[in-house]
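Report on one structure; see the data block that follows.
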Amino acid sequence: MRRIVSLGAMTGFGLLAAGCSQVAVTSNTLLNGTARIADATTEAVRETSQATTHSTRNSFAQTHKAREKFVRSQYAMLKSEAARGSGEDLDALAYMMQARNKSAFESRVQAHYSQLFSGKPSADAFLSRLYKVVGTPPDMTAANAGDTLAAS
């Protein structure tokens, strides 16, 4: 009987020791995986930050095509925020339009709400209306060089 208890105790100790090594391996794996995720996130934030900090006049966020995509995806929110005269999407559009004065841009959009949002214009048609109301952004062609984005 003593041998059985002794054998059982040794088996239990062996299983316990093996379990500890499994926990250590699992913990190390989790730590390494978490570190890799943190490194990837940090790198993504750094690249995004550099892209927005060192943007050029023709960066993606400030081109007509980018504005079209933005208007197409955010039209309902832009319409709602334009009626109020402020909002995150309207702020983003002001940035994309390279507006010198965001508050003036938003006020002008609100003042011309019915002209801008009448019917259900395509994104390109909406932008054409917007360019007439607030001026043409600097990234547009030289043919529109006489128009400037409203600062007041």
Side-chain angles (χ1 to χ4, degrees), residues 12 14-152:
L15 289 174
L16 182 62
C20 287
S21 67
Q22 273 307 105
V23 169
V25 169
T26 304
S27 296
N28 289 340
T29 303
L30 287 173
L31 287 174
N32 289 339
T34 303
R36 286 186 189 132
I37 291 169
D39 289 344
T41 303
T42 301
E43 187 62 28
V45 168
R46 183 180 307 129
E47 288 176 12
T48 303
S49 177
Q50 288 172 352
T52 55
T53 303
H54 304 296
S55 62
T56 61
R57 187 172 270 219
N58 290 322
S59 70
F60 178 77
Q62 297 172 339
T63 64
H64 181 75
K65 287 288 182 198
R67 288 188 290 269
E68 274 186 279
K69 284 182 178 182
F70 179 75
V71 168
R72 196 174 305 117
S73 69
Q74 299 302 111
Y75 184 80
M77 289 303 297
L78 286 168
K79 188 173 181 177
S80 173
E81 292 175 7
R84 287 193 318 263
S86 66
E88 290 180 5
D89 292 299
L90 201 53
D91 288 350
L93 185 59
Y95 169 77
M96 294 176 86
M97 292 285 294
Q98 303 175 41
R100 291 181 219 130
N101 183 327
K102 181 183 68 161
S103 297
F105 175 89
E106 291 174 342
S107 295
R108 195 163 227 180
V109 168
Q110 184 181 30
H112 292 88
Y113 178 86
S114 60
Q115 178 185 351
L116 291 168
F117 293 96
S118 66
K120 176 115 165 101
S122 67
D124 192 49
F126 172 81
L127 287 171
S128 293
R129 294 175 185 180
L130 185 63
Y131 297 158
K132 289 177 184 171
V133 168
V134 299
T136 305
D139 68 306
M140 300 301 285
T141 62
N144 298 323
D147 300 331
T148 57
L149 194 63
S152 58

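Keep in mind that this is a model prediction, so the values were computed, not measured.
Under the side-chain contact (heavy atoms from CB on, under 4.5 Å) criterion, A82 pairs with V109, Y113, F117, sequence neighbours left out. The side chain to side chain donor-acceptor pair (under 3.5 Å) search around S86 returns none, not counting sequence neighbours. Looking at residues two or more places apart in sequence or on another chain, you find a salt bridge (Lys or Arg N to Asp or Glu O under 4.0 Å) between K102 and D91. Partners of S122 according to the side-chain contact (heavy atoms from CB on, under 4.5 Å) rule, which considers only residues two or more places apart in sequence or in another chain, are D124, A125. In this structure, the side-chain contact (heavy atoms from CB on, under 4.5 Å) partners of Q115, at least two apart in sequence or on a different chain, are H112, V133.
Scanning all heavy atoms of the two residues, the minimum distance from F105 to L90 falls at CE2-O, 4.0 Å. Between R67 and M96, the shortest heavy-atom distance links the atoms NH1-O, 2.9 Å.
Between H64 atom NE2 and M97 atom CE the span is 10.0 Å, to the nearest 0.5 Å. In this structure, NZ in K132 is found 11.0 Å from CG in L116, a value given to the nearest 0.5 Å.
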Contacts table for residues 71-78: side-chain donor-acceptor under 3.5 angstrom, sequence neighbours left out:
unit_1, atom_1, unit_2, atom_2, d
S73, OG, K69, O, 3.3
S73, OG, F70, O, 3.1
Q74, NE2, D89, OD1, 3.0

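A donor-acceptor pair under 3.5 Å links the side-chain atoms of R129 to the main chain of S118, judged by distance alone.
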